[in-house]
J.: 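Below: one structure in structure tokens.
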Amino acid sequence: MCTSILYNAGDHYFGRNLDLEVSFGQEVVVTPRNYQFNFRRVPSMGHHYAIIGMALVKDNYPLYFDGANEEGLGMAGLNFDGPAHYFPLEEGKDNVSPFELIPYILGQCKNVAEARELLKKLNLVNINFSDQLQLSPLHWLIADRSGKSIVVESTVTGLHVYDNPVNVLTNNPEFPGQLTNLANYQGISPTTPPNQLAPDVNLAAYSRGLGSHMLPGGMDSASRFVKEVFTLHHAPTGKNELENVTNYFHCLHAVEQQEGLDEVVPGKFEATIYSDGINLSTGTFYYTTYQNNQINAVQLHHTDLNRQELALFPLQTEQVLHFQN
Ligand SMILES: C[C@H](CCC(=O)NCC(=O)O)[C@H]1CC[C@H]2[C@@H]3[C@H](O)C[C@@H]4C[C@H](O)CC[C@]4(C)[C@H]3CC[C@]12C
């Protein structure tokens, strides 16, 4: 499963945890402005906004899992197995395949408002990338520098775009259900709650942190959603980039999956393969991997954005210990 967030702290930081039992061989990929995006059923884009993000490159095509463009619009695809439904070609609509959606939106929209406009005419059409790479059931979080985000879900009832007041997305159920469920946890707090259980009895607060005693901690998507909303909405604002990036990764790592805890098929466990975050103002892309807790960074504006070829940055997966003596 996965978790995606937008952390607002002066600058805005957007990204996700990717939780899976296999690695696709993804890397950090910068798509410069003049790389030609060929789409299956809508016109090609020869010139567009530059994009940085995590992608698998196949036949020189960047299959983005998540990313952001130079205008500070970010987008991530998360598993949505069950409710996700893609449609046949529809006349009069922009027929975009789910694997094309991130470049289609990030290539031409500056912000969430522009993405919303484009989505009005969109039909998510069921065309596979190839026989080997079939479509995966996804939904998307889209966020920008205004500090706001939306969720895009294509189900049997059509394409839905929801405002996301909490700036968190995980997986099932459908987004309105995730929001409704939050009410069950609205009493959770960072402070020690008053004794409302039996006010006439003197209960000893035996521990710190009793306000979050009922906070879910499971690997499942509903638990991660609640835990992340609580963590993100009480996260401090840093005084500078280093503090913000540190806070951001603490937020994501609060819901990371450790090896051995989530068995998806007998003997196979999913875990947080990587966590990433982009400063939407500067275009700096930060990431950690399961094996490497060090925060690595790739800077969008330190690559030549006017060329045509993709720029690839293989993930640094080796743990580097900082010996002090
Ligand atoms: C499976 C993960 C989502 C993580 C998740 O939720 N895990 C599984 C779970 O536990 O449910 C999704 C996120 C982005 C997806 C990839 C991207 O959409 C790009 C690409 C699109 C192709 O149609 C299929 C392969 C490929 C490469 C996708 C494979 C599945 C990915 C990697």
Side-chain angles (χ1 to χ4, degrees), residues 1-5 14-29 31 37-41 51 53-68 74-87 95-107 124-142 151-154 168-175 178 218-225 228 252 255-266 268-276 287 289-290 310 312 315:
M1 310 264 190
C2 306
T3 306
S4 180
I5 61 173
F14 173 82
R16 63 105 57 82
N17 284 342
L18 185 107
D19 307 337
L20 212 53
E21 64 281 14
V22 288
S23 181
F24 279 89
Q26 65 281 351
E27 52 196 326
V28 183
V29 179
T31 302
F37 271 119
N38 293 321
F39 298 112
R40 302 293 167 94
R41 290 287 187 272
I51 300 170
M54 200 68 90
L56 162 69
V57 177
K58 205 78 197 157
D59 305 332
N60 196 39
Y61 187 92
L63 288 161
Y64 276 107
F65 301 12
D66 50 81
M75 184 161 177
L78 286 79
N79 209 42
F80 192 44
D81 198 4
H85 183 85
Y86 306 133
F87 293 86
N95 290 289
V96 174
S97 171
F99 76 80
E100 302 170 324
L101 188 60
I102 291 183
Y104 183 74
I105 298 282
L106 297 189
L124 274 181
V125 64
N126 49 11
I127 301 174
N128 292 325
F129 180 76
S130 64
D131 288 345
Q132 291 73 36
L133 282 181
Q134 309 258 332
L135 291 181
S136 44
L138 300 176
H139 59 173
W140 293 266
L141 183 64
I142 305 180
V151 173
V152 179
E153 296 187 335
S154 180
V168 175
L169 185 66
T170 60
N171 312 96
N172 291 347
E174 292 173 36
F175 190 66
Q178 290 278 34
M219 301 294 121
D220 60 289
S221 51
S223 296
R224 279 182 286 107
F225 190 77
E228 189 57 21
L252 271 187
V255 291
E256 77 172 359
Q257 300 199 8
Q258 295 78 19
E259 283 282 3
L261 300 188
D262 187 359
E263 191 173 31
V264 288
V265 288
K268 272 214 160 211
F269 295 84
E270 77 169 20
T272 300
I273 291 181
Y274 70 78
S275 306
D276 66 24
Y287 71 90
T289 71
Y290 192 86
L310 302 174
L312 311 180
L315 298 191

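Indexing begins at 1, ligand by ligand and atom by atom, following the structure's order. Values in this document were obtained by computation on a predicted structure and should not be read as measured data.
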J.: Against heavy atoms of Cys2, which atoms of ligand 1 measure under 4.0 Å?
T.: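 Near Cys2, the atoms of ligand 1 are 3 (C), 4 (C), 5 (C), 6 (O).
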
J.: Evaluating non-hydrogen atoms only, which member of Asp262, Val264, Leu138, Leu133 is closest to atom 12 (C) of ligand 1?
T.: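 That would be Leu138.
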
J.: Say you draw a straight line from CG of Leu18 to OH of Tyr287; how long is it, rounded to the nearest 0.5 Å?
T.: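 That separation rounds to 14.5 Å.
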
J.: Please tabulate, for the side chains in residues 124-131, all donor-acceptor contacts under 3.5 angstrom to protein atoms that are two or more places apart in sequence or on a different chain.
T.:
residue, atom, partner, partner atom, Å
Asn128, OD1, Leu135, N, 2.9
Asn128, ND2, Gln134, OE1, 3.1
Ser130, OG, Gln132, N, 3.4
Ser130, OG, Leu133, N, 3.0

J.: Could you tell me whether the side chains of Gln178 and Thr170 share a donor-acceptor contact shorter than 3.5 Å?
T.: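 On atom types as modelled, these side chains qualify, holding a pair under 3.5 Å.
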
J.: Check the side chains of Tyr274 and Asp66 for a donor-acceptor pair under 3.5 angstrom, ignoring hydrogens and angles.
T.: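 Yes, side-chain donor-acceptor contact under 3.5 Å.
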
J.: Compare Asn17, Asp19, Asn79 and give the one whose heavy atom is closest to atom 7 (N) of ligand 1.
T.: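 Minimum heavy-atom distance to atom 7 (N) of ligand 1 goes to Asp19.
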
J.: Hey, looking at atom 29 (C) of ligand 1, which of Phe24, Tyr61, Trp140 has the closest heavy atom?
T.: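 Comparing heavy atoms across Phe24, Tyr61, Trp140, the nearest one to atom 29 (C) of ligand 1 lies in Phe24.
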
J.: Checking Pro103 now: which residues fulfil side-chain contact (heavy atoms from CB on, under 4.5 Å) with it, not counting sequence neighbours?
T.: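 Expected list: Phe37, Phe39, Tyr61.
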
J.: Taking the non-hydrogen atoms of Glu21, is any one of them nearer than 4.0 angstrom to ligand 1?
T.: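 Heavy atoms of Glu21 never come under 4.0 Å of ligand 1.
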
J.: For ligand 1, which atoms have a heavy atom of Gln134 less than 4.0 angstrom away?
T.: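 Once the distances to Gln134 are compared, the set is 22 (C), 23 (O), 24 (C).
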
J.: Suppose I only count heavy atoms of Gly77 and a 4.0 Å limit; which atoms of ligand 1 are within that range?
T.: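 Every atom of ligand 1 under 4.0 Å from some heavy atom of Gly77: 13 (C).
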
J.: Might you point out which heavy atoms bring Tyr64 and Ile51 nearest each other, and give the distance in Å?
T.: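 Scanning both residues, the minimum pair turns out to be OH-O, 3.5 Å.
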
J.: Look at ligand 1 and say whether Phe129 reaches it with a heavy atom at a distance under 4.0 Å.
T.: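 Distance cut 4.0 Å: Phe129 fails for ligand 1.
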
J.: Select the closest option to atom 20 (C) of ligand 1 among Leu63, Asp220, Thr170, judged by heavy-atom distance.
T.: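 Going through Leu63, Asp220, Thr170 one by one, Leu63 has the nearest heavy atom to atom 20 (C) of ligand 1.
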
J.: Are Arg224 and Asn17 close enough that a side-chain donor and a side-chain acceptor fall under 3.5 Å?
T.: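 Result is no, nothing qualifies.
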
J.: Please tell me whether Ser221 and Asn172 have a donor and an acceptor in their side chains that are separated by less than 3.5 angstrom.
T.: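 There is no such pair (donor and acceptor under 3.5 Å, judged by atom type) between the side chains of Ser221 and Asn172.
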
J.: Taking a cutoff of less than 4.0 Å between a non-hydrogen atom of the residue and any ligand atom, is Asn171 in contact with ligand 1?
T.: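 Asn171: in contact with ligand 1 (<4.0 Å).
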
J.: Strictly under 4.0 Å, does any heavy atom of Leu135 approach an atom of ligand 1?
T.: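 So Leu135 counts as touching ligand 1.
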
J.: Which residue from Glu270, Met54, Lys58 reaches closest to atom 10 (O) of ligand 1 through any of its heavy atoms?
T.: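 Looking at heavy atoms only, Glu270 sits closest to atom 10 (O) of ligand 1.
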
